[in-house]
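In this chain, numbering begins with 1 at the start of the sequence shown. Side-chain atoms are counted along with the backbone in the values below, which use heavy atoms only and exclude waters and symmetry mates.
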Amino acid sequence: MFGALYAAEGTDRTALDAVAREFSPRVEACGPREITLDLSGVERLFGDARTIAAEIRRTAADRGVRVRVAIAATRSAARLFVHHRVGLTVIELGREAEMLASLPLSLLEALAHPTSHIPSPTSQPASYQPPTETLRQWGLRTLGDFAALPPDEVAARLGQAGVEWQRVARGEDQRPLVPAVPEERFEQTLDLEWPIEGIEPLSFVLGRLLEPLSAHLERRDRGAAVLHVRLHLVTRSIHERSLQLPAPMRDARTLRTLALLDLESHPPDAAIDRVTVAVDPTPGRVVQYSLLTRPLPSPEHLSTLAARLAALMGEGRCGSPVSVDSWRPGECAMKPFAPRDSALAPPKPSGEGGRPVVALRRFRMPIPVRVRVEEGRPVHVWIDPPAPSGLRRCVSSGRIEVASGPWRTSGAWWEGTLALPRRGEGNWDRDEWDVALSDGSTYRLFRERGAGLSRRSGAAAKAEWFVEGLVD
């Protein structure tokens, strides 16, 4: 048994939805003023169909909503009658086609009106209209005339869509009722008896809030896409943090760890007297593992590790490197670490046509060296003694056998400050050389032009020559 409610013009949609949910949790919105509801089993609470219709209308009147009410064994029949008759309409079981026979064909247009925001009963798009003009040209005026036609003849002239509209004219449903899920808030709040300070007491409060929130997400098969933590301080201000999670997750311990690590980097400036935790839900994650490749770490473990590294190294210093559209030497940026499945990644060729590729193993921190220059070309290189022992093992000293260069590069002169070789900021102006030493090793050297002591400070600023990388 189904019911249909059709409200008067200008009725608040929220109030109409509230009236329908007073009688059934299975409610489907068919337009801005129309709602259908599943009334199966409701008769045990309210009585027969006419009593239910009267009770629905009385409840709507108490809330200031004027509605038409129709109850029938099918959704299509209830919707057709609620558009045709005012007041209460109750159709006896099995008499749907008989009662609908006298209704005009124009009612089919109400069920497929483009402003109703509902799909048509056919497989066509929602904007598809019933063939009422064609049916009128055939001399048909009522739903009964249309329902009485042979289905095979209708299909031959109007296609499958015409047959489905004919079933609607008989009061038959083309699909089941699709109930609208009410909007749920995934949020937990706790008012503290005494203000707290520090991360350790806050950890217990977050654990107490995230446990029921995680259970709620699991019951709805949802995961958290964004985690919001709002701390109400004793100073009447609010300290709010939002974490974009790399994958939907609902593990309470992982969410608490991520929230605590973020709050360690961004602590509140006063004591806390109220804590609110909320999440933006998203459909749960479905994982299909492969038998042929090694599984990747879970997103919970990766997120926790990335958060711990970010708390240790600082924001923007952990992730995956990406290239930047810039001529600045050594320029790069960081993006969040998101590993891909190796089985899905396309194989990368080692070189064009299978030939070996020469690569420059760039040192992220250029190594200062001393270079002897004769006739404008470097002839000997010594590693600078202040360099750490680990770097001294990477670079050897010796006589330069072959030197190619110089290649002069410069840029960002408008920034006004000369970039140090250890930082990718400011302008740069330098000459680069590719050199091969007597021991067979090949390096890329560069000399900063115009890098006088007046533009530098500290021991690292005294050197003009640096080793940028090792050529493999």
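Side chain of Ser214 to main chain of Glu211: no donor-acceptor pair is present (N/O by atom type, distance under 3.5 Å, no hydrogens or angles). At distances below 3.5 Å, not a single donor-acceptor pair connects side-chain atoms of His239 with backbone N or O atoms of Ile272. With Thr442 contributing its side chain and Val471 its backbone, the two residues share no donor-acceptor pair below 3.5 Å. Distance alone, capped at 3.5 Å, is enough to place a donor-acceptor pair between the Thr59 side chain and the Glu55 backbone. In terms of modelled atom types and a separation under 3.5 Å, the side chain of His266 and the main chain of Asp262 share a donor-acceptor contact. Using modelled atom types, no side-chain atom of Arg222 and backbone atom of Pro281 make a donor-acceptor pair closer than 3.5 Å.
Residue Arg241 comes nearest to Leu263 through the heavy atom pair CG-CD2, 3.9 Å, listed as atom of the first residue, atom of the second, then distance. Minimum heavy-atom separation, Ala60 to Val67: CB-CG2, 3.8 Å. Nearest approach of Glu432 to Thr409, heavy atoms of both residues: OE2-OG1, 4.2 Å. Closest non-hydrogen pair, Pro151 versus Val163, comes out as O-CG2, 3.8 Å. The minimum heavy-atom distance linking Leu260 with Ile199 is given by the pair CD2-CG2, 3.8 Å. Closest approach of Arg141 to Arg136, counting heavy atoms only: NH1-O, 3.1 Å.
Salt bridge present: Glu28 and Arg175 bring a charged side-chain N and a carboxylate O closer than 4.0 Å. With salt bridges taken as basic N to acidic carboxylate O contacts below 4.0 Å, one links Arg21 and Asp17. Electrostatic pairing of Glu172 and Arg75 does not count as a salt bridge here, judged by no charged N lying under 4.0 Å from a carboxylate O. At a threshold of 4.0 Å, the pair Arg361-Glu468 does not count as salt-bridged, since none of the basic side-chain nitrogens sits closer than that to a carboxylate oxygen.
Atoms CZ and CG, on Arg157 and Asp152 in that order, are 10.5 Å from each other to the nearest 0.5 Å. Atom CD of Gln166 and atom CG of Leu108 lie 10.5 Å apart (nearest 0.5 Å). Separation of atoms CD (Glu331) and CG (Asp325) is listed at 10.5 Å; rounding is to 0.5 Å. Here CZ of Arg57 is found 11.0 Å from CG of Leu5. Values are rounded to the nearest 0.5 Å. Of the inter-residue distances, the one linking Met99 atom CE with His84 atom NE2 reads 9.5 Å to the nearest 0.5 angstrom. From Arg220, atom CZ reaches atom CD of Glu184 across 4.0 Å, with rounding to the nearest 0.5 Å.
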Give the C-alpha distance, both sets of side-chain angles, the deciding distance and a yes or no for side-chain hydrogen bond (donor to acceptor under 3.5 Å, both in side chains) between Ser76 and Asp173. CA-CA 6 Å; Ser76 299; Asp173 289 334; 3.0 Å; yes

Go through Arg63 and Glu22 one step at a time and tell me if the salt bridge (charged side-chain N to carboxylate O under 4.0 Å, His left out) criterion holds. CA-CA 12 Å; Arg63 300 192 177 204; Glu22 287 283 339; 2.6 Å; yes

Could you go through Leu243 and Val226, starting from their C-alpha distance and side-chain angles, then the distance that decides it, and tell me whether this counts as side-chain contact (heavy atoms from CB on, under 4.5 Å)? CA-CA 6 Å; Leu243 302 179; Val226 183; 5.9 Å; no

For salt bridge (charged side-chain N to carboxylate O under 4.0 Å, His left out), just list the numbers for Glu98 and Arg95, CA-CA rounded to whole Å, side-chain angles, deciding distance to a tenth of an Å, and then say yes or no. CA-CA 5 Å; Glu98 177 187 349; Arg95 298 188 60 193; 3.1 Å; yes

Quick one, Arg33 with Glu9, criterion salt bridge (charged side-chain N to carboxylate O under 4.0 Å, His left out). Give me CA distance, side-chain angles, the key distance, then yes/no. CA-CA 7 Å; Arg33 299 164 53 194; Glu9 186 74 28; 2.8 Å; yes

Ile52 and Val90: CA distance, side-chain angles, deciding distance, side-chain contact (heavy atoms from CB on, under 4.5 Å) verdict: CA-CA 10 Å; Ile52 295 173; Val90 178; over 6 Å; no

Take Ile71 and Phe2, measure what side-chain contact (heavy atoms from CB on, under 4.5 Å) needs, and give me the verdict at the end. CA-CA 6 Å; Ile71 296 180; Phe2 296 91; over 6 Å; no

Give the intermediate values and the outcome of side-chain contact (heavy atoms from CB on, under 4.5 Å) for residues Leu88 and Arg68. CA-CA 6 Å; Leu88 304 180; Arg68 303 178 183 179; over 6 Å; no

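Side-chain contact check for Asp48 and Thr51: at least one donor-acceptor pair (N or O, by modelled atom type) lies under 3.5 Å. No donor-acceptor contact under 3.5 angstrom links the side chains of His232 and Asp191, judged on distance only. Remark: the Thr142 side chain and the Asp145 side chain contain an N/O donor-acceptor pair separated by less than 3.5 Å. A side-chain donor from one of His83 and Glu34 sits under 3.5 Å from a side-chain acceptor of the other. With hydrogens and angles left out, the side-chain atoms of Thr276 and Thr189 include a donor and acceptor closer than 3.5 Å.
In this structure, Ile35 and Val27 have side chains that are in contact, with non-hydrogen atoms separated by less than 4.5 Å. When side chains are defined from C-beta on, Leu143 does not count as touching Val168, because their heavy atoms never get closer than 4.5 Å. Between Leu103 and Phe81 the shortest side-chain heavy-atom distance falls below 4.5 Å. Counting only heavy atoms from C-beta outward, the side chains of Phe363 and Leu470 approach each other to under 4.5 Å. Side-chain contact between Arg26 and Leu177: present, with at least one pair of heavy atoms (C-beta onward) separated by less than 4.5 Å. Between Leu231 and Asp273 the shortest side-chain heavy-atom distance does not fall below 4.5 Å. Within the 4.5 Å cutoff, the side chain of Arg256 has heavy atoms near those of the Ser203 side chain. By the 4.5 Å heavy-atom criterion applied to side chains, Val69 and Tyr6 are not counted as neighbours.
Put simply, the residue from Leu209, Leu190, Val205 that forms a side chain to side chain contact (heavy atoms under 4.5 Å, CB included) with Val277 is Leu209.
Counted within 6.0 Å of CH2 on Trp327, heavy atoms from surrounding residues, nucleotides or ligands total 12 or fewer; the atom is thus considered open. Summarising the local packing, CD of Glu240 is surrounded by more than 12 heavy atoms from other residues, nucleotides or ligands at distances under 6.0 Å. Counting heavy-atom neighbours within 6.0 Å of Arg66 CZ, excluding the residue itself, gives a total of 12 or less. Crowding of Leu93 atom CG: a count of heavy atoms from other residues, nucleotides or ligands under 6.0 Å not exceeding 12. Around the CD atom of Glu43, the shell of radius 6.0 Å holds more than 12 heavy atoms that belong to other residues, nucleotides or ligands.
With a 6.0 Å cutoff to the six-membered ring centre and a 45° limit on the axis angle, Arg430 counts as a cation-pi contact of Phe446.
Legend: residues meeting salt bridge (charged side-chain N to carboxylate O under 4.0 Å, His left out) with Arg444, ordered by chain and number and at least two apart, are Asp434.
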